[in-house]
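In what follows, chains are A, B, ... by sequence order, proteins preceding strands, each numbered from 1.
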Amino acid sequence: MNTKNRNFFNNPKIKIKEKEKKEEKKEENVVERIKTVVNDEKMEVNAINSFEKQGVAVKKGKAAATDPNKGQKRSRKVISSDSEAESEGGTDVGIASDVSANGKVEADIKSTKRSKSADNKGPEYEGLELGIGESILMKAIAGATGRQVSKVKSEASSSSMQKKVDKISSLIVGSKDIEARYIVRSLEGKLRIGLAEKTVITGLGQALARNSGTSKLSSEEIVDMIKEAFTQVPNYEVVIENIMTYGIENLKDRCKITPGIPVRPMLAMPIKSIEEVKERIDGQEATCEYKYDGERIQIHYIDGVERKSFSRNMENNTAKYRDILGKVQTKQPQVKNYIIDAEVVAYDYKANKILPFQVLSTRKRKEDVQKEDSKENEVDLLDSKVPVKLFAFDVLYFDGKPTLQTSLKERRALLEREFVIDDHFGIVEYKNIQYKNGNTKQFFSNKRGDADEECSAENAENIVDENMEIIEFLNKSIGDSCEGLMVKLLGSEASYYEPNKRSRNWIKVKKDYLAASSGVNGSGGGGIGDSIDLVVLGAYYGKGKRTGFYGGFLLGCYDPDREEFQSCCKLGTGFSDADLDKFAKELKPLVVEKVPFQYSYDVDQTKPDVWFDPKAVWEIKAADLSLSPIYKAGIGLVSNDKGISLRFPRFIRERPDKTPEQSTSADQIAELFEAQ
DNA sequence: AATGACTGCCC
DNA sequence: ATTCTGC
DNA sequence: GCAGAATGGGCAGTCATT
């Protein structure tokens with residue numbers, strides 16, 4: 001952990017200077033490089049092979065040649081290394097030699113991990129993982145530089161772990177100064193050059209625009225076409241192949257939404273106040289849907305034969321949910337294909353209750369090893385493991401036809417009309433609304449007897465707060481174990497399902513986004529509507545654009561009974577650049593050599609790079625509290641051996657008015673947890 | 001067989 | 001996940 | 001407003017070590 005950061009504070013603070021130089025050159029390089037890449041048809045090999053001077057390499061994250069899809073989301077590029085500037089401690093490795101066999105090295109690394117699964121099938125949308133993370137990289141770097149950890153074990157390269165380290169070491173050793181940095185970052189999956197997937201697609205489009213001189217289409221049009229194709233078939237190889245084979249003009253017909261291939265899911269934008277809802281949807285017909293606290297799941301039914309599901313990031317998670325996928329039924333049995341978008345939640349079928357996300361996440365992810373008695377196995381999954389329930393909210397494809405370009409109103413109607421609603425499969429709870437004459441007018445919801453009719457004019461006049469409908473529904477959703485609401489337009493083209501294009505056309509309203517003053521208060525219980533105040537116990541050195549600053553902090557609460565500070569969470573977001581700059585300076589005098597004796601924390605998993613005297617108090621906001629295996633806050637109060645931590649903690653502001661002893665107490669944290 | 005470090009992927 | 005920032 | 005890059009808790013799975 002110290003290897004990489006030893007230059008902290010000594011670092012001339014360099015940073016994003018690269019970008020200045022990029023400008024024109026960036027586009028140029030992207031285009032040039034991608035041309036090469038396309039021609040080579042071996043992007044992933046190029047990725048590593050071309051860590052040369054002016055290269056833009058398209059690196060396929062952790063998946064290599066055999067899995068075109070997996071790399072998409074992790075696709076990274078490298079830009080001109082001669083504009084390089086930043087320094088980052090130990091990862092700067094300068095050595096020399098050639099880089100020729102890199103592609104093979106990567107393949108080898110992969111096989112050390114996957115040698116078990118004999119049948120290496122083609123490019124399914126399955127994951128192939130390298131299993132290389134920070135730790136392995138550190139070791140490799142250490143090995144390559146000889147700076148540290150010279151574990152000269154005699155039986156060194158016998159284990160698969162050590163093989164990985166060795167491969168990477170040799171990769172790094174066999175690279176030139178600058179190259180090493182990008183090899184490391186590449187394996188990290190982050191190149192940090194202000195240039196990622198979207199830019200690659202744009203570059204790809206521009207490259208093709210230049211190459212296919214015959215086309216009358218403008219560069220922008222071509223880029224748009226490729227973007228469109230890519231959202232529906234998120235796979236570089238397939239898109240490129242189709243362009244090369246059938247021409248850009250036919251791309252639309254060749255690369256279209258297909259059951260079996262995941263679609264980039266439409267995402268939502270967070271808002272900060274209820275008022276923003278009105279700004280977005282003013283006057284238009286809209287709907288509020290429960291936002292369930294589960295896992296996004298895209299369900300595919302393929303040719304009447306196969307069922308698959310994909311996660312939000314298009315990982316194939318069929319094995320994890322095979323049991324519940326089998327429960328999805330269309331009313332018309334002859335329907336052979338569909339794709340629906342849903343949330344899967346852990347569900348207590350006896351109590352008819354939605355269970356917390358933490359329960360869902362304990363579900364097994366891989367297929368049971370039992371082969372026989374598939375039926376019994378299915379029952380087992382539902383009964384003895386973590387039972388789940390589906391809440392559908394959209395349909396992207398049905399019975400041979402895409403439904404992307406129909407209104408949400410139609411898509412929802414299709415869901416309600418064509419799918420069997422039962423214990424295991426439901427439609428999300430919703431309420432349709434419309435702002436009218438300054439007020440929200442309720443149309444109807446899908447809850448029985450709730451209000452299947454429009455508000456009368458008289459009722460509308462009775463609405464004091466124009467956002468009341470939404471606020472009430474928001475509170476209701478939270479009372480029903482949900483995170484909040486999704487607000488979407490119902491009619492018009494603006495309600496089309498646009499995978500990734502106008503990607504944030506949906507609004508998510510979570511209770512904890514809203515300032516405490518907004519009048520949304522927990523009658524339904526749950527959540528920390530307000531924030532809590534914690535003491536800054538320590539800090540971690542920042543990486544990347546936070547090199548030279550603290551990148552994260554260890555926070556804790558005070559337990560007056562035990563007279564100790566108990567770790568509660570790490571904190572790494574919510575700071576402006578100015579904040580970080582300020583804290584780096586302000587907290588420096590508080591640094592102490594040794595851990596203050598009254599600190600309670602997990603030595604292994606939570607130890608900061610520097611410790612502080614307990615002095616600074618910060619206001620933190622979070623979505624939930626969780627029982628933690630590693631944090632100590634309120635330990636013994638709720639559980640004997642587990643403390644309490646925070647879900648999605650973020651910095652709000654300093655509380656110079658509070659002393660550490662006045663921070664939120666362990667008792668209070670336990671209370672908040674119990675109140676959920 | 002149990003434990004622990006590490007990784008990837010959910011949120 | 002949340003948040004901030006340059007464009 | 002987008003895209004990118006910082007950063008969070010916590011789980012199962014994998015592999016090494018004991």
Would you say C/dT2 has OP1 or OP2 under 4.0 Å from some side-chain N or O of A/Tyr513? yes
Interatomic distance where CZ belongs to A/Phe553 and P belongs to D/dA6 [whole Å]: 16 Å
Rounded to whole angstroms, how far apart are OH on A/Tyr292 and P on B/dC11? 17 Å
I need the NZ-C1' distance between A/Lys510 and C/dA1, as an integer number of Å. 7 Å
Sugar-phosphate, base or nothing in reach of A/Phe651, heavy atoms under 4.0 Å: nothing
Note: A/Glu654-A/Lys582 ion pair, threshold 4.0 Å (strictly below): yes
On DNA chain D, compare the nucleotides closest to A/Arg504 and A/Phe357; which residue's is nearer the 5' end? A/Arg504
Is A/Arg365 side chain donor-acceptor paired with the B/dC10 base, going by distance under 3.5 Å alone? no
Considering only heavy atoms and no angle criterion, is a donor-acceptor pair shorter than 3.5 Å present between the side chain of A/Thr573 and the base of C/dT2? yes
Between C1' of D/dA3 and CZ of A/Arg264, the distance in whole Å: 13 Å
Taking only the side-chain heavy atoms of A/Thr362 (C-beta and beyond), determine which of B/dC11, D/dC2, D/dC11 contains the nearest atom. D/dC11
Could you tell me whether A/Lys642 contacts a base, only the sugar-phosphate backbone, or nothing, with contacts defined as non-hydrogen atoms closer than 4.0 Å? nothing
Starting at CG of A/Asp577 and ending at P of D/dT7, how long is that distance when rounded to a whole Å? 12 Å
Base, sugar-phosphate alone, or nothing: which one does A/Gln605 contact when heavy atoms must sit under 4.0 Å apart? nothing
Can you see if the side chain of A/Ser626 gets near the phosphate of D/dG10 - specifically, an N or O under 4.0 Å from OP1 or OP2? yes
Give a yes or no on whether the ring-centroid distance for A/Phe612 and A/Tyr550 is below 6.0 angstrom. yes
State which residue, out of A/Lys621, A/Arg647, A/Arg650, fulfils the side chain to side chain donor-acceptor pair (under 3.5 Å) condition with A/Asp512. A/Arg650
Taking the six-membered ring of A/Tyr540, is the NZ or CZ of A/Lys570 close enough (under 6.0 Å from the centre) and on axis enough (within 45°)? yes
Under 30°, 30 to 60°, or over 60°: which ring-plane class applies to A/Phe391 and A/Tyr292, parallel, tilted or perpendicular? parallel
Establish, from distance only, whether the side-chain atoms of A/Ser219 and A/Gln206 form a donor-acceptor pair under 3.5 Å. no
Do the rings of A/Trp506 and A/Phe393 sit parallel, tilted or perpendicular, given the 30° and 60° boundaries? perpendicular
Selection from D/dC15, D/dT14, B/dC10 that lies nearest to any side-chain heavy atom of A/Ser160: D/dC15
Could you state the CD1-P distance from A/Ile644 to D/dG9, rounded to the nearest angstrom? 15 Å
Using the closest heavy atom to pick a nucleotide of DNA chain B for each, name whichever of A/Arg312 or A/Ile136 lands nearer the 5' end. A/Ile136
At under 4.0 Å between heavy atoms, what does A/Pro629 touch on the DNA or RNA strands: base, sugar-phosphate, or nothing? sugar-phosphate
Tell me which nucleotide among D/dC11, D/dA3, D/dT7 gets nearest to the side chain of A/Lys198. D/dA3
What is the distance, to the nearest angstrom, from the CG atom on A/Leu580 to the C1' atom on C/dT3? 11 Å
Which comes earlier along DNA chain D counting from the 5' end, the contact point of A/Lys364 or that of A/Ser628, where each point is its nearest nucleotide? A/Ser628
A/Phe648 CZ to D/dG9 P, straight-line distance once rounded to whole Å: 11 Å
Indicate whether OP1 or OP2 belonging to D/dA6 is found under 4.0 Å from a side-chain N or O atom of A/Arg546. no
Classify A/Ser361 by what it touches in the nucleic acid, base, sugar-phosphate, or nothing, heavy-atom distance under 4.0 Å. sugar-phosphate
Is A/Leu627 touching bases, backbone alone, or none of the nucleic acid, heavy atoms closer than 4.0 Å? sugar-phosphate
Would one find a side-chain N or O of A/Arg650 under 4.0 angstrom from OP1 or OP2 of D/dT7? no
Determine: side-chain N/O of A/Lys508 to OP1/OP2 of C/dT2, distance under 4.0 Å, yes or no. yes
Report yes if a side-chain nitrogen or oxygen of A/Ser576 is closer than 4.0 Å to either non-bridging phosphate oxygen (OP1 or OP2) of C/dT3; otherwise report no. no
Roughly how far apart, to the nearest Å, are C/dA1 and B/dG8 at atom C1'? 15 Å
